[in-house]
There are 2 protein chains.
Amino acid sequence: MAKAPQAAGLHRASLTKLHDLDAALELMYYGWRGMTLEADAYLAKQGLSRPHHRILYVVARRPDIAIGALIEILGISKQALNRPLNLLVERKLVTSKRSPEQHRSKLLRLTEAGRRIEQRASDHERKVLREAFDRVGASGAAGWVGVMEAIADSN
Amino acid sequence: MAKAPQAAGLHRASLTKLHDLDAALELMYYGWRGMTLEADAYLAKQGLSRPHHRILYVVARRPDIAIGALIEILGISKQALNRPLNLLVERKLVTSKRSPEQHRSKLLRLTEAGRRIEQRASDHERKVLREAFDRVGASGAAGWVGVMEAIADSN
DNA sequence: ATTCTAAAGTCAACGTGGTTGACATGAGGC
DNA sequence: GCCTCATGTCAACCACGTTGACTTTAGAAT
């Protein structure tokens, strides 16, 4: 976990389009990168990366989530979760306690520091989105949401 | 290189939203996954994965591209390109020839088989986009493009 | 012709994000 | 006391990326 992501892909375009939807396809790629670029750079400065952010993001929105539920949501294996989560606990960004009644599962929460980092990383992403939405106005934003929902639900 | 990507993330949502843009942020995540899911599954069946597809995609749109230019566009190192590209050449999906006059650089092209796989993989992605665009109509699609361009160009 | 340089190829070491499989621990249910 | 479930941990593996250090190839320059 280190290293800021590099330039990559340069400027989009420069490729001739073979199909009418190639431009849209590339926009999805560069859009994803555009949204995450600053956030990844910020996380890298903190010695963290995307998987850590995903954990922080989910735990922030589901305080007292158990490990098993977190695994489900992230869609990764228990072992894959282990390392990044332990790092977050070591760094005191996440606390892991057994609850009073339900001792069987551990409950995860963000510490103040964890909340701060989650917020800042996500803020970078939200900032990019906000500026884009502002640029195109409410109707454009609504269109974007409609398309993305259709894509997200296409599986 | 093998294994189809697994479910992961389940259904989107189920997370409480801390900010007004959280929904959009998650839409970007699930949108990217939604677009690439089928394509990745298809590629996995061919024993290929995303990096191979990126190579095929670029070479298809820039026939006779040199290795150096490909590295630039993909934004990865020469060594990182080497393995997947060699696999593609071994499988006769890509040909690599020195040109008559410019012997210094090799020129890459897709074979018929390479073109076919590139097309099918990209078709899966374009299909998802097309259905989404059809669902929201031309104005929604235009909004989507506007937002994505703003995001892509935000760096 | 020899030397210099640019493009490409190759090797080794490493980091990180995943995967399985196997096994240990901790705590509630019966 | 045992069973079971949630969690933790170890080892092996794979894919994808990185640097660094070289070699090979072939055009360019003196």
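Per chain, numbering begins at 1; letters A, B, ... match sequence-line order.
Spacing between atom CD of E72(A) and atom P of dT7(D) amounts to 11 Å, rounded to whole angstrom units. Atom-to-atom, CD of Q79(A) to P of dT7(D) comes out at 13 Å; the value is rounded to the nearest Å. The separation between L74(B) atom CG and dC16(D) atom C1' is 13 Å, rounded to whole Å. R83(A) has its CZ atom 13 Å from the C1' atom of dA12(D), to the nearest Å. When rounded to the nearest whole Å, the span between NZ of K106(A) and P of dG8(D) equals 4 Å. Summarising the geometry, the separation between NZ on K78(A) and C1' on dA24(C) is reported as 10 Å, rounded to the nearest angstrom. For N82(B) and dT23(D), the CG to C1' distance is 13 Å, given to the nearest whole Å. Here dC16(D) presents its C1' atom at 15 Å from CG of L85(B), a figure rounded to the nearest Å.
Not one side-chain nitrogen or oxygen of S105(B) sits closer than 4.0 Å to the OP1 or OP2 atom of dA6(C).
Side chain of I76(B), nearest nucleotide from dT7(D), dT18(D), dG18(C): dT18(D). Closest contact between the side chain of S77(A) and the listed nucleotides dA8(C), dT20(C), dG17(D) involves dT20(C). Taking every side-chain heavy atom of R54(B) into account, dG17(D) is the closest of dA8(C), dG17(D), dT19(D).
Using bins of under 30°, 30° to 60° and over 60° for the plane-to-plane angle, the ring pair H124(A)/Y42(A) lands in the tilted bin. Taking the six-membered ring where tryptophan is involved, the planes of W32(A) and W32(B) are essentially parallel, since the angle between them stays under 30° and well short of 60°.
Atoms CG and CG, on N82(B) and L87(B) in that order, are 11.5 Å from each other to the nearest 0.5 Å.
N86(A) comes within contact range of the sugar-phosphate backbone alone, with a heavy-atom separation under 4.0 Å but no base atom that close.
M148(A) has its side chain within reach of M28(A): a pair of non-hydrogen atoms, C-beta onward, lies under 4.5 Å apart.
Nucleotides of DNA chain C nearest to L81(A) and A69(B) differ in position, and the one nearer the 5' end is that of A69(B).
Note that R61(A) lies in the cation-pi zone of Y57(A), set by a 6.0 Å cut-off to the ring centre and a 45° limit from the axis.
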